[in-house]
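Counting starts at 1 for both ligands and their atoms, following the listed order. For the single chain, residues carry numbers from 1 onward in sequence order. Since the model is a prediction, treat every value here as computed from it, not as a measurement.
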Amino acid sequence: MLPTSRTLRLSLYTLLIVAGAALAATLAIRHAERQAQEEDAARANQQLALYANSLHTLIDRYRALPAVLALDPQLRSALAGSVDADEQAGLNLKLEKINGAAQSSTLELLDHTGLAVAASNWRLPSSYVGHNYGFRPYFSQTRTQGTGRFYAVGVTSGIPGYFLSSAVLGDHDEFLGAMVVKLEFPELEREWGQGNDTLLVSDARGIIFIANQPGWRYRALRPLSASDMAEIHSTRQYDKQALLPLTYLSLRSFDENSDLTRVEGPQGTADYLWESLPLTTEGWTLHLLRHPQVAFEDLRNAGLAAAGVWLALVFLLLFLNQRWRLAKMRQRSRAELEQLVEERTRDLRTAQDGLVQSAKLAALGQMSAALAHEINQPLTAQRMQLATLRLLLDHGRVDDAYKALKPVDEMLTRMASLTGHLKTFARKSPSGLRERLDLATVVDQSLQLLDARLRDEQVSLVLHLARPAWVRGDAIRLEQVLINLLRNALDAMHGKPCKRLEIRLEADEQLWRLSVSDNGGGIAEEHLGQVFDPFFTTKPVGDGLGLGLAVSFAIVHESGGRLSAENGDSGAVFSLTLPIDLEAHI
Ligand code: ADP
C-alpha cells in the first residue's frame, strides 16, 4: 500500500518537474521568438524606409518634367491652333528626343479634349497618338487643378505606369491641353526583386500595383465596394485585370504597421513579417514581406537555459525543503530523546528510591538483630542480678546488696547510651547537613553499634585515634559510612582464625585521614576499580546488595571528602579523608 502511493507521488512530482521544465522552455522559446521577430520587424521597417525613399526619389525626379515642358512655346502654340501633319511629326520627334534624354517611359501631349496629338512612342504600334485619354482621372485633375497624377495600366500599351501631368495654358491662362509623362517601374521592380523580401505597393483602395515578385500584382488587400469597382471600371485604371482578393490573417501584431501574418500568397500559404509604410504624398502604401528568420540555435539555447534555471530552482527548493524536514526531524527526535531520558531518569529515581528503601530496611534488620543481641544479654544479666539482690536483701545483707547494684547500674548506663545512639540515628537527617563534629566520636559510636559482633567474632581491634578530629559533615551519615566499612571488614575476615581490625585517624596536611584495615585477604585486583559501583557485590545473594560502598562514596563526596580503596599487606585498606575544620584551631 505505502510504497505504491509513494511511487505514485514520486512519479507525480517527477511529472510536475518535467512539465514545469517543458513549460519554462516553451515560454522562453516563445519569448525569444517574439523578441527576435520584433527585432527583425524593426530592421525590416528601417529597410522599408529606404525602399520608400528610392521610390520617392524616382517619382520626384520626373515630377517637374511635365511642368517644364508645358511652358515650351512650340507645344503651347501647337495646342493653340489645329495641328497639321508636319507639325505633329515635329512634335513627335521633339518628345521622343526629350524622353530619351530624361529617361522617362513615355511623353505625350494631350489637347483640351484629351486627344493625344503627339507622343514619344509615335513609332511603336502601341503609339498613343490619335487616342483620347479624356476619361483618365489625371486629365480631369489637370484641367481643374493644373496638375494630375494617376497610376494605371496603359489602355493602349497594356503596360502599367504612373502618369504625371501638367496643364498647358494659353496666353490668357486658358486650358489648352496637358503634358503627360508616364513612368514605368520595371527597373525598380527588378532592383527590388534582388532581395529575398517581397516588396509591394498598394494604392488607396488597397490594390497592389507594384510587386517585385510575380503573382502579387493586381491583388486586392481589402474588399472592393461596388462604387470602387464602378470607378475602376470607368477610369480603366487596371484595365482588364481581375483584382482577386489576397487572403491573409494577422497572427501577431507588433504595432500598427507591423504584423506576423499568415498569407495565402501566390507561392502558397506562408508566414511573413509584414511591414507597411504609408506614402502620404501619393496616397499609396509600401509593404515589405519577409519570412521570419529566427535562428533555431538561439531558440534552443533560450529553451535550455530556461529549463536549466527552472530545474536549478526546483532542486534548490527540494534541497531547502529536505534540510528543513531534516532539521524538524532532528528536533523531533531530540525532543523524543529528551523525553525518553526524562522518563528513564524518573524510572531510575523511582527504582533508586525503592533500593534506598530496601537498603534502609536491610540496615534496620541488621541493626535490630544487633540491638536485640546487645540488649538481651544485659537484660538476662540484670534479671539474674536482681534475683541475687532480692536474696541478699532477704538475708539482710544490705552492704552486699549495694555492691551488687553497681554492675546493674553500669549495664543500665550502657543500655541508655545504646538507645541514645539509636535516637540520633532515628533523627531525620536532611541531606547536605554540615555540622561541626568530631570524627573520633563518630568512630566510637560506630564501634559501639557493632560492639556485640566484634566481641562475638573475637576481633582484635587496634585503634590509633587522634582526638578531637574536627570536621564538617553529617554525623549520622558519616556513621553510616563507617559502619559500612567496618561491617565489610568483618565480612571479609569471616572464617579467618585470627581477625585483626585496625582503625587509624590522623592529620594529613589539611585533611583528616581515617583508614580502616583488616586482614581479610583484600580485594581481587580486577575488582578494585568496581567496588564503589552501585550493585557491585561478591557476596552471595541475600547477603549483599552492593550498595554500601556506593552510598558511602556519595556521602563522603557530599561532605567534601574522598573515599578510596586499596590492598594492604594482608587485607583491604579503606581510606576516608575529610578537610580539617579550621574553626577548631582558632
Ligand atoms: P555489599 O557489602 O552489599 O556487597 P558494598 O558496596 O559494601 O556492598 O561492597 C561491595 C564489594 O566490595 C563487596 O561485595 C566486596 O567484594 C568488596 N569489599 C568491600 N569491602 C571489602 C573488604 N574490606 N575486603 C574485601 N572486599 C571488600
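- Using a 4.0 Å cut-off between charged side-chain N and carboxylate O, Arg453 and Asp456 make no salt bridge.
- Interface atoms of ligand 1 facing Thr537, defined by a heavy-atom separation under 4.0 Å, are 1 (P), 4 (O), 14 (O).
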Tell me, with the steps shown, if Val531 and Phe536 meet side-chain contact (heavy atoms from CB on, under 4.5 Å).
CA-CA 6 Å; Val531 288; Phe536 174 78; 4.0 Å; yes
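- Summarising the contacts of atom 24 (N) of ligand 1 with Ala524, Gly571, Ala492, the nearest heavy atom is found in Ala492.
- Remark: distances from the non-hydrogen atoms of Gly522 to ligand 1 include one below 4.0 Å.
- Of all atoms in ligand 1, numbered sequentially from 1 with element shown, those under 4.0 Å from a heavy atom of Ala572 are 22 (C), 23 (N), 24 (N).
- At under 3.5 Å, a nitrogen or oxygen of Leu549, whether backbone or side chain, sits near a nitrogen or oxygen of ligand 1.
- Nearest to atom 18 (N) of ligand 1 by heavy-atom distance, out of Leu501, Asn484, Ile523, Leu485, is Ile523.
- The aromatic rings of Phe574 and Phe532 lie perpendicular to each other, with more than 60° between the two planes, well past the 30° mark.
- Among residue pairs with one or both ends in residues 509-529, those qualifying as salt bridge (Lys or Arg N to Asp or Glu O under 4.0 Å) are Asp508-Arg513; sequence neighbours excluded.
- Between Leu447 and Leu463, some side-chain heavy-atom pair lies under the 4.5 Å cut-off.
- Side-chain contact of Ser446 with Glu479: a donor-acceptor pair under 3.5 Å is absent, judged by distance alone.
- Here Phe574 has side-chain heavy atoms under 4.0 Å from ligand 1, and that is the only part of it that gets that close.
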